[in-house]
Every structure is written in structure tokens, then in C-alpha cells.
Amino acid sequence: MKPIRKSTLLRRAIQQGCVMMPGAFNAATARLVEHAGFQAVYVSGAGLANATAGVPDIGLLTLTEVAQLAGYIADAVRIPAVADADTGFGGPENVARTIQMFERAGLAGMHLEDQAFPKRCGHLAGKELIPIKEMTAKIAAAARSRGDKDFLLVARTDARSVEGFDAAIRRAQVYLEAGADAVFPEALESAQEFREFARRVRAPLLANMTEFGRSPLLSARQLGAMGYRMVIFPLTAFRVSMKAAEGCLVDLKRRSTQRSWLDRMQTREELYNLLDYDPRAASWLA
């Protein structure tokens, strides 16, 4: 029997309820997400830029880099992976190629945003938007270029903090008409706005629960009750990992030994189990 595609698994999951997607900045973290029992994993553009390249989230990574890094993540797990495609790496033709490369990389879906390039983090001031006509052309090109009809195309709008809440609603509705499967309203500013957006935009919706941003940190249960079908936690694991690593390194410099941190480390055996690796076996088959 032919295995079910990850894109199909993702669509089935969001039809049945609200899917939590913790962000992974590398393949090992994606394995942790899967081992924790989540149905899907999110590949954060900020996570890849910050963690892998050590640069800010302003569109500095190329399509080739993002597709390769996201592909490592998708290949390491059995659950679907949804990736951040930023502004699509150019115009409609570039967006079409992005879809094709992401499909080849094994991703189940992606979101595409309506910011002007160079982009900024969605929770910062100073963002600019492209015209609606330009964004709909990108969405239409993405929808046409899909080889996998179940590959999930999510349109993100950053209009709330640039043009206002009603403008975000208008853009979302037009993007759905252009061929988007779902909508990601970035940087909504209250529980009431999340609730009202879901009431007025009748489509699968994605909520971003990033920390230290403009949006309140609502639970996936709360968002699911409002009608949201996907909730991402883009940098949660990254921020926790970085803070823990910083504390360990400061202490190591001061004490010149790591002994007091051993009970807070992932053991060698735990890592090998995560990687499905038995060093006693003749070979490792991923």
C-alpha cells in the first residue's frame, strides 16, 4: 500500500481539530517535537536565520539554503512539516519555484507573507506591505505550481499593524479567493481580535503564539475553541535552549567544569534514542 503523503496527513489533522506546531530550528529539535507527541512541526524562518546563520530575521537566507535546511527537518520526522517561506524569495515566478523546491524537500505546506522585501519580524514596527494585486499574483502562481494538490498554501497578512484590523480582514478574504488554502493573521493584538478574525474569515486559520511580541499568549485550547486550526510556537524551544546554554556557558567559564550541569543535560543514551541509533548495531538505517 502506498504511504499517505504528509501533506494529506496535515489536511486531515486540521479538519479534525486544532493542530499545535512547535518550531524546530534543526532536525534534532524536530525529532524532539515528534517524540513529545505533536502532530506536526513548524520550520521557522527566524529560527533558521537566528540559529543556523546567526543573523536576524530580515530575509538574508536564500531559497536554496532554506529548502535544504527545512528538508533536513522534514526528512528527520514522520510528522508533517510546515515551513516559513517569508515573501517567496521574489516575484510570482520565484514563488512558483519555492513551492516546487519545498515539495521536493518533503514539506507538507508553507506560508507566504505580504510584506515588502526586505522583510522584518512580524511583531516589529516599520513593516511595509506589497499591494494586494501583487500578493494575489504570488498566491495564484503558488497554487498553480503545486505538484501535490494537498500541499498546504497559507497566506500570511501583516496588515493588522500597518493598515489596521479591517484591512487585514479584507486582505485575507482576497487571498483566499486567489487560491490560498488557509490564512495566517500576523500580530493580532487581543483575544477579541483573534475571536473576531475567526468569525469574519471562514477558512482554516493559523495563529502565531510567539513570545515577547504583540499578541497575547493564548492556549491552543482557547484558539481552537475560536475556530483556529493551526497554532505555531516558532521560537519557544529555541529561546529555552539558548537561555539554558547561556547559563551553562557562563557557569563553565566561572567554575572551569560542567559537572554541576550533568543532571540538566540530555544524556548520550537519550540522544542516541532520539536519533534511533544503536552503536552496537552493524549499521544505522534512518
Side-chain angles (χ1 to χ4, degrees), residues 4-21 23 38-45 66-67 70 74 79-89 92 94-115 122 130 132-160 168-186 188 194 197-208 220 223-224 226-232 234:
I4 300 174
R5 290 175 299 196
K6 291 180 181 179
S7 57
T8 305
L9 290 175
L10 177 63
R11 284 185 178 260
R12 289 180 181 178
I14 65 176
Q15 287 171 356
Q16 295 169 1
C18 185
V19 178
M20 299 172 64
M21 301 184 195
F38 291 95
Q39 293 176 281
V41 61
Y42 175 65
V43 184
S44 163
V66 172
I79 58 176
V82 175
D84 178 357
D86 285 340
T87 60
F89 304 95
N94 303 88
V95 172
R97 187 162 182 262
T98 298
I99 285 272
Q100 294 163 0
M101 290 187 68
F102 278 18
E103 284 188 358
R104 286 199 295 270
L107 294 161
M110 74 176 208
H111 66 74
L112 177 70
E113 67 196 58
D114 57 7
Q115 279 198 55
I130 60 175
I132 291 176
K133 185 176 181 180
E134 186 176 339
M135 181 62 174
T136 56
K138 288 186 175 186
I139 293 169
R144 286 194 306 268
S145 67
R146 281 183 291 195
D148 174 5
K149 63 180 178 60
D150 283 343
F151 185 91
L152 193 71
L153 176 57
V154 182
R156 166 176 149 178
T157 179
D158 284 69
R160 167 61 187 92
I169 296 284
R170 286 195 299 273
R171 280 181 175 259
Q173 292 167 341
V174 173
Y175 296 167
L176 290 166
E177 293 171 1
D181 301 307
V183 172
F184 169 4
E186 178 65 302
L188 299 185
F194 277 100
F197 198 97
R199 187 185 71 82
R200 294 172 61 182
V201 180
R202 311 304 293 178
L205 300 178
L206 182 154
N208 182 7
L223 290 161
M226 294 177 189
Y228 287 79
R229 286 293 172 259
M230 293 165 279
V231 182
I232 58 173

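No hydrogens, no waters, no symmetry mates; every other heavy atom, side chains included, goes into these values.
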- prompt: Out of curiosity, Tyr228 OH to Leu205 CG, how far, rounded to the nearest 0.5 Å?
  reply: 5.5 Å
Residue pair Tyr42 / His111, side-chain heavy-atom distance below 4.5 Å: yes
field: From Cys18 atom SG to Leu223 atom CG, the distance as rounded to the nearest 0.5 Å
entry: 6.5 Å
message: Looking at every heavy atom in both Ala172 and Val201, which two are closest together, and how far apart are they?
response: CB-CG2, 4.1 Å
task: Report yes or no: does Lys6 contribute a side-chain atom to a donor-acceptor pair with the main-chain N or O of Phe151 at less than 3.5 Å?
output: no
query: Short question: side chain of Thr98, backbone of Gly88 - any donor-acceptor pair under 3.5 Å?
result: yes
task: Show your reasoning for whether side-chain contact (heavy atoms from CB on, under 4.5 Å) applies to Ile232 and Leu206.
output: CA-CA 7 Å; Ile232 58 173; Leu206 182 154; 3.8 Å; yes
Atom pair CE (Met110) and CG (Leu153), whose distance is rounded to the nearest 0.5 Å: 5.5 Å
- request: Give every residue pair that meets the salt bridge (charged side-chain N to carboxylate O under 4.0 Å, His left out) criterion with at least one member in residues 95-105, sequence neighbours excluded.
  value: none
- request: Please examine the side chains of Val82 and Leu10, heavy atoms only from C-beta on, and report whether any two atoms are closer than 4.5 Å.
  value: yes
task: Locate the shortest heavy-atom distance separating Ile139 from Ala180; write the atom from each residue and the value.
output: CG2-N, 3.5 Å
field: Thr8 side-chain N/O to Ile4 backbone N/O, donor-acceptor pair under 3.5 Å
entry: no
- prompt: Hey, what do you get for CE (Met21) to CG (Asn208), rounding to the nearest 0.5 Å?
  reply: 12.0 Å
statement: Looking only at heavy atoms, the pair that brings Leu176 and Ala182 closest together is CD2-N, 4.2 Å
- prompt: Between Asp158 and Arg160, is there a side-chain N and carboxylate O pair less than 4.0 Å apart?
  reply: no
- request: Kindly state each residue pair satisfying side-chain hydrogen bond (donor to acceptor under 3.5 Å, both in side chains) with at least one member in residues 173-182, sequence neighbours excluded.
  value: Arg11-Asp181, Asp114-Tyr175, Arg146-Asp181, Arg171-Tyr175
- prompt: Could you give the distance from CG (Asp84) to CG (Leu112), rounded to the nearest 0.5 Å?
  reply: 9.5 Å
field: Heavy-atom pair of closest approach, residues Ala141 and Ala96
entry: O-CB, 4.1 Å
statement: Looking only at heavy atoms, the pair that brings Ala142 and Val95 closest together is CB-CG1, 3.6 Å
message: So, using ring-ring contact (aromatic ring centres under 6.0 Å, His included) as the criterion, who are the partners of Phe102 when residues are at least two apart?
response: none
- request: Report the distance from atom CZ of Phe197 to atom CE of Met226, rounding to the nearest 0.5 Å.
  value: 13.5 Å
- prompt: Which heavy-atom pair separates Gly179 from Ala143 by the least distance, and what is that distance?
  reply: O-CB, 4.1 Å
Evaluation steps, side-chain contact (heavy atoms from CB on, under 4.5 Å), between Met230 and Ile14: CA-CA 7 Å; Met230 293 165 279; Ile14 65 176; 3.7 Å; yes
- line: So the salt bridge (charged side-chain N to carboxylate O under 4.0 Å, His left out) pairs with at least one residue in residues 132-143 (sequence neighbours excluded) are none
task: List for me each residue that meets salt bridge (charged side-chain N to carboxylate O under 4.0 Å, His left out) alongside Asp86, sequence neighbours excluded, and say none if there are none.
output: Lys119
message: My understanding is that only residues two or more places apart in sequence, or in another chain, count here; which of them pass salt bridge (charged side-chain N to carboxylate O under 4.0 Å, His left out) with Arg12?
response: none
